[in-house]
Amino acid sequence: MAMQTEWLVPLAQPRQKKRLCELCLGPAHVRCAACLVTYYCDVDHQNADWVSVHAKICQLLIPLRAAPPFYTSEKERKIGEEQRRNREIFLAEVTYEAAQKFLIEGHHEDAIPAGLHALKFSISIYGSSALELVPPYITLAETSLGLGHLRQGEEYLSQAQWIVLKNSHCSHHVQSKLYRNLGLLHAAKGNLDESLYHFANDVYFACCAFGTTNNVAVSGGFFHMANVFSHQNKMDIVDSLYCEVVDLWYDHFSQFVESQYQKLITPAEVDLLTVEDRTLVDVLDDRQRSEATQMLNFILDFREATLRPQPEKKAKLLHTLAMFHYLVHDLAKADEFVMRFLQTAQSLPKRDPNESLYHLVKLIKTKQEWVK
């Protein structure tokens, strides 16, 4: 919800200390009347910050930006500094999570102010060259790339890469995200070979971070590599990489579907329908759920548009989507993809019944009956 004009306080006093806009660092002309410590160049930036994250942190900023208290002892000063640092750490986490949430939802504009806050708090806490700054820089880069602002995205990624190169202890997970975004940047700029190099590094560091067995974290690198090869019209490679992506998600989901089925047929040990279902939390976080949706549906569109039908590959993809929708509790969609799988499977050579699909259908029907 946008801020109302009564929240804006003009700064007309000629002796007022010069203030800078919270978002663009330009001269500030309005102030938040709720906290009285946050300043903006105009109403648009005020509203943008409010919608993004200021509504959550408005009152929490007051102790940080108010004049520091007078300490009567060294002990009090240390306690005060520790409290301030803890507040900044908390605000860095809150603003970073807010930016990530907007990114996952595809609201790139709304992610910008929260991402800027996360970066500023991180700089204040850790300094300008600490590894803790890399995730906020990557978030701001993702936001810029999503909006098509390639130059700005490149600047953020350059800062992140510079920090990583200066530090030898950056986690493999963070490096995977960095190279993923460098790949996307160069793909958008048309530097296809350079983008493939970065996506290969993304896959390598994802494997280092999470292992090579059923590692869906690797799937994003393969997926984006396939899209680059598609621009190079190397469709056999594209097909192979898309198969790899589907296989990774299929194996990942199958483990959880089979686990749930075993719980269903052993009610004496675990009652599937009465125990709180935490399947989604265990299988996917919000980002992975968004990535799975994007990748699997994109590949389905590719399979359906191809002039060379490959029913076996399409059937496995439909089975994967059916498991995905079951695990995220969209039973109607799960049912739909089961039916589409069965229709596609009719054109396949005769083979043994799909036991995994039978288990999935049993789980779907059981859940549907329980909901009724």
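Note: hydrogens, waters and symmetry copies are ignored here, and every other heavy atom, side chains too, is used.
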> Hey, are Arg303 and Asp239 close enough for a salt bridge, meaning a charged N less than 4.0 Å from a carboxylate O?
Replying inline: yes
>> Can you list everything that forms a side chain to side chain contact (heavy atoms under 4.5 Å, CB included) with Ser168? Sequence neighbours excluded, please.
In response: none
>> Under the ring pair (Phe, Tyr, Trp, His ring centres under 6.0 Å) definition, can you give me all pairs with a residue in residues 120-166, not counting sequence neighbours?
In response: none
> What residues form a ring pair (Phe, Tyr, Trp, His ring centres under 6.0 Å) with His198, not counting sequence neighbours?
Replying inline: Tyr179, His186
> Linking I/L/V/M/F/W/Y whenever their side-chain heavy atoms sit closer than 4.5 Å, directly or via other members, would Tyr250 and Phe302 fall into one cluster?
Replying inline: yes
> Can you list every side-chain hydrogen bond (donor to acceptor under 3.5 Å, both in side chains) pair that touches residues 83-94, not counting sequence neighbours?
Replying inline: Glu88-Ser124
> What distance separates Gln59 CD from Cys32 SG, expressed to the nearest 0.5 Å?
Replying inline: 7.5 Å
> Can you list every pair that meets ring pair (Phe, Tyr, Trp, His ring centres under 6.0 Å) and has a residue in residues 68-88, with sequence neighbours left out?
Replying inline: none
> With distance as the sole criterion, is a donor-acceptor pair present between the side chains of Gln159 and Glu155 under 3.5 Å?
Replying inline: no
> Are Phe210 and His173 near enough that their ring centres are under 6.0 Å apart?
Replying inline: yes
> Quick one: side chain to side chain donor-acceptor pair (under 3.5 Å) partners of Ser176, sequence neighbours excluded?
Replying inline: Asp202
Run the side-chain donor-acceptor check on residues 138-146: report pairs under 3.5 Å with partners two or more places apart or on a different chain.
| residue | atom | partner | partner atom | Å |
| --- | --- | --- | --- | --- |
| Thr139 | OG1 | Gln100 | NE2 | 2.7 |
| Thr139 | OG1 | Pro135 | O | 3.0 |
| Glu142 | OE1 | Arg287 | NH1 | 3.4 |
| Thr143 | OG1 | Thr139 | O | 2.9 |
| Ser144 | OG | Leu140 | O | 3.0 |

>> Between Lys177 and Val134 (side chain of the first, backbone of the second, donor and acceptor by atom type, cut-off under 3.5 Å), is there such a pair?
In response: no
> In chain order, what residues pass the salt bridge (charged side-chain N to carboxylate O under 4.0 Å, His left out) check against Glu81, with sequence neighbours excluded?
Replying inline: Arg77
> Considering residues at least two apart in sequence or located in another chain, which fulfil the side chain to side chain contact (heavy atoms under 4.5 Å, CB included) criterion with Val338?
Replying inline: Ala322, Leu342, Leu357, Leu360, Val361, Ile364
> Under 3.5 Å, is there a donor-acceptor pair between the side chain of Ser52 and the main chain of Asp110?
Replying inline: yes
>> Restricting to side chain to side chain donor-acceptor pair (under 3.5 Å), what partner residues turn up for Lys101, sequence neighbours left out?
In response: Glu105
>> Donor-acceptor pair, distance only, cut-off 3.5 Å: does the side chain of Ser240 make one with the backbone of Ile237?
In response: no
Side-chain atoms of residues 221-233: list all donor-acceptor pairs with protein atoms under 3.5 Å, sequence neighbours left out, distances to 0.1 Å.
| residue | atom | partner | partner atom | Å |
| --- | --- | --- | --- | --- |
| Asn227 | OD1 | Tyr242 | OH | 2.6 |
| Gln232 | NE2 | Asp193 | OD1 | 3.4 |

> Between Glu304 and Arg340, is there a side-chain N and carboxylate O pair less than 4.0 Å apart?
Replying inline: yes
> Hey, what do you get for OH (Tyr261) to CD (Glu355), rounding to the nearest 0.5 Å?
Replying inline: 7.5 Å
>> Check for me, please, whether Phe337 and Tyr358 land in the same ILVMFWY cluster - side-chain distances under 4.5 Å, paths through other members count.
In response: yes
>> Please enumerate all residues that pass salt bridge (charged side-chain N to carboxylate O under 4.0 Å, His left out) together with Glu132, with sequence neighbours excluded.
In response: none
> Does Asp330 reach the main-chain N or O of Lys333 with its side chain, forming a donor-acceptor pair under 3.5 Å?
Replying inline: yes
>> Between Gln262 (side chain only) and Ser259 (backbone N and O only), is there a donor and an acceptor less than 3.5 Å apart?
In response: no
> Roughly how far, to the nearest 0.5 Å, is the OG atom of Ser254 from the NE2 atom of His319?
Replying inline: 6.0 Å
>> Before you tell me yes or no, could you show the steps for Tyr40 and His45 under ring pair (Phe, Tyr, Trp, His ring centres under 6.0 Å), namely the whole-Å CA-CA distance, both residues' side-chain angles and the distance that decides it to 0.1 Å?
In response: CA-CA 6 Å; Tyr40 303 94; His45 278 189; 7.9 Å; no
> Under a 4.5 Å side-chain heavy-atom rule over Ile, Leu, Val, Met, Phe, Trp and Tyr, are Ile125 and Val94 clustered together?
Replying inline: no
>> Test salt bridge (charged side-chain N to carboxylate O under 4.0 Å, His left out) on Lys189 and Glu154; report intermediate values, then the result.
In response: CA-CA 10 Å; Lys189 293 173 67 175; Glu154 188 168 16; 3.2 Å; yes
